[in-house]
There are 2 protein chains.
Amino acid sequence: MNGPDQLHAPILCSDCGIYQLCLPTGIGQADIELLDKIVKNRRIFKRGEYLYRLGHPFHSVYALRSGSVKTYVLMDDGRVQITGFHIAGELLGLNAVNTRVYSCEARALETTSVCEIPFDRLEELGQQVPSLQYQMLRVMSQEIAYNQELMLLLGKKNADERLATYLIGLSSRFAKRSYSSTEFNLSMSRSDIGNYLGMAEETVCRVLARFEQEGLISMQRRLVRLKDIEKLTAVAQGGGKAESPSPAVGKRPQSPVSSRNKQVG
Amino acid sequence: MNGPDQLHAPILCSDCGIYQLCLPTGIGQADIELLDKIVKNRRIFKRGEYLYRLGHPFHSVYALRSGSVKTYVLMDDGRVQITGFHIAGELLGLNAVNTRVYSCEARALETTSVCEIPFDRLEELGQQVPSLQYQMLRVMSQEIAYNQELMLLLGKKNADERLATYLIGLSSRFAKRSYSSTEFNLSMSRSDIGNYLGMAEETVCRVLARFEQEGLISMQRRLVRLKDIEKLTAVAQGGGKAESPSPAVGKRPQSPVSSRNKQVG
DNA sequence: CATGCTAGTTGACCCAAATCAATTTTGCAA
DNA sequence: TTGCAAAATTGATTTGGGTCAACTAGCATG
């Protein structure tokens, strides 16, 4: 998605520049070597190729080394909801543990390098390395938290808030991986962005264009530059509408966000 | 929410009528007794009371014995998105494993009986009982799958489809617990339903009223009866609009579901 | 360097559902 | 039993963003 393409994947986990992302704290050198033994293989997926598909039997989880991937769920009639965009250091596929069948699809957005890890081997290893077990719980727990944020966005935010939230979110994910947090390349299309955020791609274009007019960002094609992160954050939180600073007497507050959907009961 | 109120909670997991729901297959009698030792206490929450609140330190997970609970996430300005309604046999709180802080709130919808289980004890026990570890992964994996379905609903379904999906979903959850799948009591308000489904409570009322007119359901207050599950299922899938069976020549298809948001790229 | 082809953009129009408003019904506490 | 607040319903009106349509910009390919 961003940063240098690392297409020459190293052979060992211990040589891998991102293993501290997919397997943070608490795993010793010896354990890393164990892990290295079970990683099935490093594979390259090209744009549009599937890491896994809906309904296929669950056998492996995938650690992203470089590139980016979208995951999405499907309806019978062909409608699609993208549930996430994933970049280097993220682990995919654990959501199939329960049913033993993938409940969504994962597709590369660009050339993407991954480690495929057979789940049953990973589970065995987990029994010897408690911190690895814990790590799996953490990864899933984090995914749940992300998904909850997305539900909040889909259920309660307007178009401006959605886009602003999206940009801010990308920015901080890049920052975490020490890429630029103010200038980056989108690997997904406008249409994918719209699908993910629950809006039409035309609306994505229009809102981005307005953000540019207002000096919040600049865009050319898929390159974004965030020019006013502070204001963008405010918009994401719903503070972009400039609440009338001194509400005239007799004038109903007419808050930009209705009291509906706020906590009451 | 439904079924007999089981307010006299038994003292032991092995006596508990629902332990096979919160801890399915693969746990032996001896392990159950171990588990029983670490369950901190059985508690009763009354309507409106919190099991846990946003930002509070994570210490326990909660197994629901009876009653029902809503979980929801919050925005700074007070907006709320309900992320789930939970009934007997479900396990809450595992989504705080990663940050060690609850990322959402859980609040009883009615008088609700729960087992509180300290997470660190549960984790220790998990190292002795691998199937318990696996069970935790399963529970979280299932929650992710549920959440993905909800994202699909929030992002891509219209009001009719949302309500139909909701009713069908409740029905099959009750069936799994061998309650009636065609007649049940809602423990949540219209407003909560609307919030959960991403629509105004007025719309919930209107759509329910129309479903009743059309003979799909009957409702009085919070008691629902599903009268035509088959058709309801069709509506949930987007098939309620009766695609014109023989499209006249020259008449644009005007499909009830646009080709947008379907899989293309 | 035409020729597509895909992705992105912009304008005009429309509609599903939100909002606003007015009642009605219900559950409970005094 | 009465009184009230919360919950639910129903109607009128508005609107944010979807849909349709036309067009442009990049970019690959023969």
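Just so we're clear, the structure is a prediction, and the values are computed from it rather than from any experiment. We name chains A, B, ... by the order of the sequence lines, and we start the count at 1 in each one.
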In degrees rounded to 10°, what angle is found between the helical axes fit to the five outermost pairs at each end of the helix from dC1(C)-dG30(D) to dA30(C)-dT1(D)?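 Terminal axis comparison yields 40°.
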
Please report the distance, rounded to the nearest Å, between [atom1] in [X] and [atom2] in [N].
X	N	atom1	atom2	answer
Leu163(A)	dG8(C)	CG	C1'	14 Å
Lys157(A)	dG17(D)	NZ	P	14 Å
Lys156(A)	dT19(C)	NZ	P	10 Å
Asp160(B)	dA16(C)	CG	C1'	10 Å
Gln220(B)	dT26(C)	CD	P	10 Å
Asn185(B)	dA7(D)	CG	P	16 Å

With Glu90(B) as partner, the option from Lys176(B), Lys70(B), Arg173(B) fulfilling salt bridge (charged side-chain N to carboxylate O under 4.0 Å, His left out) is Arg173(B)

In the 5'-to-3' direction, what one-character label does each nucleotide of nucleotides 8-16 of chain D receive under the scheme B = base within less than 4.0 Å of a protein heavy atom, S = sugar-phosphate only, - = no such atom? SBBBB----

Does anything in residues 223-240 of chain B pair up under side-chain hydrogen bond (donor to acceptor under 3.5 Å, both in side chains), and if so which pairs, sequence neighbours excluded?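 Sorted result for residues 223-240 of chain B: empty, none.
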
Restricting to non-hydrogen atoms, name the atom on Leu232(A) and the atom on Ala164(A) that form the minimum distance, rounded to 0.1 Å. O-CB, 3.5 Å

Hey, would you say the Phe85(B) and Tyr196(B) ring centroids sit under 6.0 Å apart? yes

For the atom pair CD1 (Ile87(B)) and CG (Leu64(B)), what is the distance rounded to the nearest 0.5 Å? 9.0 Å

Tell me which donor-acceptor pairs under 3.5 Å the side chains of residues 211-218 of chain A have, and how far apart each pair is, sequence neighbours excluded?
residue: Glu212(A); atom: OE2; partner: Met219(A); partner atom: N; Å: 3.1

Residues in salt bridge (Lys or Arg N to Asp or Glu O under 4.0 Å) with Glu202(B), at least two apart? Arg260(A)

By salt bridge (Lys or Arg N to Asp or Glu O under 4.0 Å) - contacts of Arg43(B) (at least two apart):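 Residues passing salt bridge (Lys or Arg N to Asp or Glu O under 4.0 Å) with Arg43(B): Glu116(B).
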
For a quick check of understanding: with a heavy-atom distance under 4.0 Å over all strands, which category does Gly194(B) fall into, base, sugar-phosphate or nothing? nothing

